[in-house]
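Below you'll find the structure, written out as structure tokens, and then a few comments.
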Amino acid sequence: RDASVRFVADARPLAFAPVRFVSPLRGVPAKTMTTDAAGRIVLPGANVPALRAEAPGFEQVEVRLDGAEPVVSLRRDGG
């Protein structure tokens, strides 16, 4: 199924930002995608319950994909 994730930072959509996704499955390469104006990314054919996501300048975060569209609030590195 396709999964949609929305990223926010400082209470605003993280618009047009690169986000790198790391799969929990061994041997699956990381993939970088860019958010849209609303901070949203669609992950086609998502088949794992969770991924790790990282955007430049922000801490890495776990993203759960097993429910409704998650809204992920990012925290700045070192903050």
Side-chain angles (χ1 to χ4, degrees):
R1 73 173 177 87
D2 291 352
S4 180
V5 181
R6 198 162 63 94
F7 291 90
V8 296
D10 302 322
R12 297 173 141 140
L14 189 67
F16 307 111
V19 177
R20 183 173 178 259
F21 291 96
V22 180
S23 172
L25 302 176
R26 189 177 210 155
V28 175
K31 182 172 184 160
T32 300
M33 302 174 79
T34 302
T35 61
D36 65 11
R40 185 173 286 117
I41 289 179
V42 175
L43 301 165
N47 59 1
V48 293
L51 294 170
R52 302 287 305 166
E54 51 191 30
F58 296 93
E59 294 179 358
Q60 190 179 78
V61 64
E62 181 175 277
V63 178
R64 302 289 313 169
L65 302 175
D66 50 4
E69 178 183 84
V71 177
V72 179
S73 184
L74 298 176
R75 288 191 328 191
R76 296 202 179 273
D77 275 337

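The analysis underlying the following values was restricted to heavy atoms, covering all of them including side chains, and did not include hydrogens, waters or symmetry mates. Along the sequence shown, the residues carry numbers beginning at 1.
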For Asp2, which residues count as a side-chain hydrogen bond (donor to acceptor under 3.5 Å, both in side chains) partner, sequence neighbours excluded? none
Please report the shortest heavy-atom distance between Ala37 and Ala15, naming the atom on each side. O-CB, 3.4 Å
Please tabulate, for the side chains in residues 43-53, all donor-acceptor contacts under 3.5 angstrom to protein atoms that are two or more places apart in sequence or on a different chain.
| residue | atom | partner | partner atom | Å |
| --- | --- | --- | --- | --- |
| Arg52 | NE | Gln60 | OE1 | 3.1 |
| Arg52 | NH2 | Gln60 | OE1 | 3.4 |

With hydrophobic residues grouped by side-chain heavy-atom distances under 4.5 Å, do [X] and [Y] end up in a single group?
X     : Y     : result
Phe21 : Leu14 : yes
Leu74 : Met33 : yes
Val71 : Val42 : no
Val22 : Val63 : no

Write out all pairs satisfying salt bridge (charged side-chain N to carboxylate O under 4.0 Å, His left out) with one or both partners inside residues 15-39, taking only residues at least two apart or from two chains. Arg20-Glu54
What pairs of donor and acceptor atoms, side-chain ones from residues 4-13 against any protein atom, are under 3.5 angstrom apart with sequence neighbours left out?
| residue | atom | partner | partner atom | Å |
| --- | --- | --- | --- | --- |
| Ser4 | OG | Glu69 | OE2 | 2.5 |
| Asp10 | OD2 | Arg76 | NE | 3.3 |
| Asp10 | OD2 | Arg76 | NH2 | 2.7 |

Side-chain (Thr35) to main-chain (Phe16) donor-acceptor, under 3.5 angstrom: yes
